[in-house]
Each structure stands twice: as structure tokens, then as C-alpha cells.
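Let me begin by presenting the structure, written as C-alpha cells, before commenting on it.
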Amino acid sequence: MSLPRRLIIEPTTRCNLRCQMCLREVLQEPFSDMSPETYRRLLPLFPYLESVNLTGYGEPLLNTGLLEMVRLATGRLPPGAKLTFTTNGSLISPDLALEIVKSGLDELGVSVEGCSAQTHDGIRQGSDFQQVLEATATTAAVRRRLGRHKPRLVIHFVAMKRNLRELPSLVGLARE
């Protein structure tokens with residue numbers, strides 16, 4: 001029997017933003033969260049996996065059980081396996097940043113669609129560029145304060161005509 005090596009698990013299809021490029025904008029399905037019971041049924045696969053990505057078309061942090069999903073995964077994944085999720089960053093408070101850092105997550109992706117509020121917020125409608133930057137910086141500061149190297153912070157950027165000219169500036173922004 002062949003088992004999967006990688007899983008992409010969608011904790012929720014709900015989102016707090018309206019992004020121009022998102023498939024959610026054309027879906028005609030009801031939005032909902034993955035239940036803890038459904039997630040637990042996947043756990044027997046985890047010892048065989050190379051990676052688990054807790055990301056889909058929704059904002060994962062809207063599922064209040066997300067960090068419990070992370071904690072359950074860290075105890076079951078084999079050494080060297082990678083556990084990640086990507087967020088739009090809008091819900092990360094200082095307290096939540098601390099929880100994320102302590103959770104055992106290997107990589108936290110933050111979606112940034114430009115190097116200016118005008119571009120980013122215009123693409124990710126309902127977002128606040130400054131708040132996303134502050135949330136990312138806070139997470140990095142918490143990680144440093146606790147002396148941890150994880151989660152690795154990654155910027156996700158969807159290149160499109162509207163923001164492509166800002167891509168070179170993204171390197172400096174990421175370094176910040």
C-alpha cells in the first residue's frame with residue numbers, strides 16, 4: 001500500500017478578507033471549518049509524512065482549533081518533517097504570536113501582496129498593510145526573545161500586473 005508523503009489540509013474555507021485573485025470569490029459553496037474529529041482521522045498518516053501544510057483558500061487562524069492541530073501534528077510527524085501554514089497576517093496579535101511560536105510550527109507564511117499599503121490593501125481588500133507588517137515583526141521578536149529558530153518566517157507574494165513592479169522592493173521588506 002502506498003501512503004501519501006505530503007498533506008495539504010484546509011482548516012477552514014472562511015476568510016476575513018476579499019482578495020482580488022482568490023478562488024473563494026467565485027466559489028458557490030458554503031464556508032465552514034474542519035472539525036477536530038475530521039482532523040483526528042488524518043493523524044494515523046502523520047508518522048509517514050514529509051510535510052503537512054495547514055492552508056487552503058480560507059484564513060487558517062479563523063479556525064479556533066488551528067494551534068491544537070499544530071500541536072497534535074508535532075507529536076506525530078517524523079523527524080525532519082515540515083509543518084506549515086500560511087496566513088494573511090491580519091489576525092495575529094502579540095498573544096497569538098506567542099502561541100504560534102510555542103506551538104511547534106516549522107514555518108509560518110505571511111501573504112504580502114505589495115510593498116505599499118496602497119498596493120497590498122488594494123489587492124487584499126479588508127487588510128491593513130501596517131498591521132500585517134507589525135504582526136510579522138512581533139512574531140519574529142517573540143521568536144528571538146524565546147531563543148527559538150522556529151517558525152521560519154516566509155513571505156508569500158502573488159505576482160500580478162498590479163504589484164509586479166514592487167517585487168524588487170520585497171527583498172528589503174523581507175529583510176526588515
Side-chain angles (χ1 to χ4, degrees), residues 5-12 15-25 49-63 66-67 69-71 73-74 77 79-176:
R5 295 185 324 194
R6 297 175 186 91
L7 285 182
I8 299 172
I9 300 171
E10 187 167 40
T12 185
C15 192
N16 57 326
L17 302 182
R18 294 186 55 105
C19 301
Q20 291 181 340
M21 71 297 206
C22 187
L23 180 63
R24 290 180 72 263
E25 297 303 312
L49 297 174
E50 295 172 4
S51 68
V52 174
N53 185 347
L54 296 168
T55 304
Y57 288 112
E59 167 50 49
L61 290 169
L62 285 174
N63 183 324
L66 178 70
L67 294 179
M69 291 178 181
V70 169
R71 285 186 278 276
T74 59
L77 288 169
K82 190 166 134 182
L83 178 60
T84 67
F85 72 81
T86 300
T87 176
N88 62 39
S90 65
L91 301 174
I92 299 176
S93 65
D95 289 341
L96 186 54
L98 178 62
E99 286 185 53
I100 290 169
V101 171
K102 288 180 164 183
S103 72
L105 188 70
D106 294 305
E107 183 177 288
L108 175 65
V110 180
S111 296
V112 177
E113 303 314 332
C115 293
S116 69
Q118 181 180 2
T119 302
H120 175 84
D121 297 351
I123 293 169
R124 292 192 165 271
Q125 296 169 3
S127 185
D128 179 333
F129 181 67
Q130 267 322 117
Q131 192 277 328
V132 171
L133 295 181
E134 288 170 18
T136 306
T138 297
T139 305
V142 167
R143 191 183 64 182
R144 279 191 304 276
R145 188 179 79 230
L146 296 179
R148 299 197 180 182
H149 299 289
K150 293 181 182 178
R152 178 175 170 237
L153 297 174
V154 176
I155 291 180
H156 290 236
F157 180 90
V158 177
M160 55 188 91
K161 285 181 184 179
R162 183 169 179 180
N163 66 0
L164 195 55
R165 72 187 180 287
E166 295 184 21
L167 185 56
S169 301
L170 191 63
V171 175
L173 182 66
R175 189 176 350 196
E176 253 181 65

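We count residues from 1, following the sequence as given. Keep in mind the model is a prediction, meaning the values are calculated, not measured.
With sequence neighbours excluded, the residues satisfying side-chain contact (heavy atoms from CB on, under 4.5 Å) with Arg144 are Ala140, Ala141. Applying the side-chain contact (heavy atoms from CB on, under 4.5 Å) rule to Arg165 yields the partners Thr119; only residues at least two apart in sequence or on another chain are considered. Checked against side-chain hydrogen bond (donor to acceptor under 3.5 Å, both in side chains), Arg148 has no partners two or more places apart in sequence or in another chain. Partners of Arg71 according to the salt bridge (charged side-chain N to carboxylate O under 4.0 Å, His left out) rule, which considers only residues two or more places apart in sequence or in another chain, are Glu68. The salt bridge (charged side-chain N to carboxylate O under 4.0 Å, His left out) search around Asp106 returns Lys150, not counting sequence neighbours. Not counting sequence neighbours, the partners of Ser93 by the side-chain contact (heavy atoms from CB on, under 4.5 Å) test are Asp95, Leu96. Every side-chain hydrogen bond (donor to acceptor under 3.5 Å, both in side chains) that Ser90 has, sequence neighbours left out, goes to Asn16, Asn88. Annotation: salt bridge (charged side-chain N to carboxylate O under 4.0 Å, His left out) contacts of Glu134 (sequence neighbours excluded): none. Partners of Thr12 under the side-chain contact (heavy atoms from CB on, under 4.5 Å) rule, at least two apart in sequence or in another chain, are Arg14, Asp33, Leu62, Asn63.
Crowding of Leu167 atom CG: a count of heavy atoms from other residues, nucleotides or ligands under 6.0 Å exceeding 12.
Listed by first and then second residue, the salt bridge (charged side-chain N to carboxylate O under 4.0 Å, His left out) pairs that reach into residues 107-118 are Lys82-Glu107, Glu107-Arg152, Glu113-Arg124, sequence neighbours excluded. Among residues at least two apart or in separate chains, there is no ring-ring contact (aromatic ring centres under 6.0 Å, His included) pair with a member in residues 156-176. Residue pairs meeting the ring-ring contact (aromatic ring centres under 6.0 Å, His included) criterion with at least one partner in residues 103-122, sequence neighbours excluded, are His120-Phe129.
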